[in-house]
There are 2 protein chains.
Amino acid sequence: MMTSTNADVTSDVVLRVLSDPLRRRIVALLAREQLCNCHLTEATGAGQTTVSNALRVLREAGMVETEPCGRFTYYRLLPEPLAGLADELSALARSARESPDHKRPC
Amino acid sequence: MMTSTNADVTSDVVLRVLSDPLRRRIVALLAREQLCNCHLTEATGAGQTTVSNALRVLREAGMVETEPCGRFTYYRLLPEPLAGLADELSALARSARESPDHKRPC
DNA sequence: GTAACGTATCACCCGATGATGACATCAACG
DNA sequence: CGTTGATGTCATCATCGGGTGATACGTTAC
């Protein structure tokens with residue numbers, strides 16, 4: 001089956017990305033300020049390669065932007081993908097709240 | 001701030017649950033009306049055991065309620081977990097939007 | 001009663017994916 | 001230039017998690 005809208009595909013990707021605890025921690029840290037690999041490695045306690053892999057996934061999903069700064073590479077969190085997913089989830093919650101106690105008969 | 005620990009744990013669980021495409025489809029279907037296993041099996045094309053497993057995960061995560069109805073078991077989507085996660089994601093997006101171009105020095 | 005149906009559980013297989021170490025790359029600094 | 005430190009990439013491995021079939025349980029129908 002094909003999905004009909006692009007928004008669904010994007011939110012699917014965002015959900016899969018956020019399902020990993022380390023990536024979620026990184027997203028939370030980047031929500032406050034721009035950081036580079038060394039900060040995230042120290043803050044999370046994970047190995048440098050592990051952090052770099054997580055950042056690669058975030059980058060390919062379009063959730064972060066990179067800004068090379070000398071030897072360092074700063075990462076910035078993009079708000080749009082998160083906001084889009086939040087809206088979709090809100091719509092689902094609203095639909096569930098507004099839906100009557102209708103049961104489709106078997 | 002509310003109890004931040006419990007909310008975080010719950011949202012973590014919700015994210016992990018929603019990372020699976022089948023579970024996500026089931027959530028979308030349940031957002032409109034209450035359904036039982038047979039409906040979901042037919043609608044998703046997945047096997048009965050597969051759907052039952054997905055529903056088990058949703059149940060244990062506190063995202064759906066079950067209502068036995070004779071031989072059937074109707075499932076109802078609970079809006080709160082979804083709304084809570086949506087709020088958290090919105091907060092992250094807002095924080096990323098409002099945060100200045102501050103880079104923590106290395 | 002017995003049969004048929006819906007659902008849940010168990011045991012197993014297998015593909016996906018995250019962690020890790022070795023290596024390559026690139027920029028600053030002497 | 002050559003070294004050092006930060007970062008990305010590749011190959012490998014182990015673990016996790018979802019799909020599936022057999023089976024069990026409970027309920028309705030005959």
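All chains are named by letter (A, B, ...) in the order of the sequence lines, taking the proteins before the strands, and each is independently numbered beginning at 1.
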Tabulated below should be each protein N or O lying under 3.5 Å from an N or O of nucleotides 23-30 of chain C; please produce it.
none

TODO: Let me know the distance between CG of A/Leu55 and C1' of C/dG18, rounded to the nearest Å.
DONE: 14 Å

- [ ] Take the protein atom CZ of B/Arg56 and the nucleotide atom P of C/dA11, then report the distance between them rounded to whole Å.
- [x] 12 Å

Open item on the list: Nearest whole Å is fine: how far is C/dA8 P from B/Leu40 CG?
Closed with: 10 Å

- [ ] Grab the two heavy atoms, one from B/Ser11 and one from B/Leu85, that are nearest each other, plus how far apart they are.
- [x] OG-CA, 3.8 Å

- [ ] Look at all strands and tell whether A/Asp20 reaches a base, only sugar-phosphate, or nothing, counting heavy atoms closer than 4.0 Å.
- [x] sugar-phosphate

TODO: Answer whether the closest heavy-atom distance between the side chains of B/Val17 and B/Arg23 falls below 4.5 Å.
DONE: yes

Task: Exercise: identify the closest heavy-atom pair between B/Cys38 and A/Cys106 - done: SG-SG, 3.4 Å

Open item on the list: Check whether A/Ser19 reaches the backbone of B/Ser19 with its side chain - one donor and one acceptor, N or O, closer than 3.5 Å.
Closed with: no

TODO: Flag the pair B/Tyr75 / B/Leu55 as yes when at least one side-chain heavy-atom distance between them is below 4.5 Å, and no otherwise.
DONE: yes

Task: Outermost DNA chain D nucleotides near chain B [under 4.0 Å, heavy atoms] - done: D/dG17 to D/dT28

Open item on the list: In the structure I gave you, are the side-chain heavy atoms of A/Leu77 and A/Leu82 within less than 4.5 Å of one another anywhere?
Closed with: yes

TODO: Using only heavy-atom distances, determine whether the side chains of A/Thr41 and A/Gln48 contain a donor-acceptor pair under 3.5 Å.
DONE: no

Open item on the list: C/dT7, OP1 or OP2 - any side-chain N/O from B/Ser52 closer than 4.0 Å?
Closed with: no

Open item on the list: Please report the distance, rounded to the nearest Å, between CG in A/Asn53 and C1' in C/dA22.
Closed with: 14 Å

Open item on the list: How long is the straight-line distance from CD of A/Glu42 back to CG of A/Leu35, given to the nearest 0.5 Å?
Closed with: 10.5 Å

- [ ] Assign A/Cys106 to base, sugar-phosphate, or nothing according to its heavy-atom contacts below 4.0 angstrom with the strands shown.
- [x] nothing

TODO: Measure from CZ on A/Arg16 to C1' on C/dA16 and round the result to the nearest Å.
DONE: 10 Å

Open item on the list: Without decimals, in angstroms, what is the distance between B/Phe72 CZ and C/dA4 P?
Closed with: 17 Å

Open item on the list: How long is the straight-line distance from CD of A/Glu80 back to CZ of B/Arg97, given to the nearest 0.5 Å?
Closed with: 6.5 Å

- [ ] To the nearest Å, give me how far apart CD (B/Glu67) and P (C/dA8) are.
- [x] 14 Å

Task: Phosphate-side-chain proximity, B/Tyr75 and C/dG6, N/O vs OP1/OP2 below 4.0 Å - done: no

Task: Sugar-phosphate only, base, or nothing, as touched by B/Thr49 at under 4.0 Å among non-hydrogen atoms - done: base

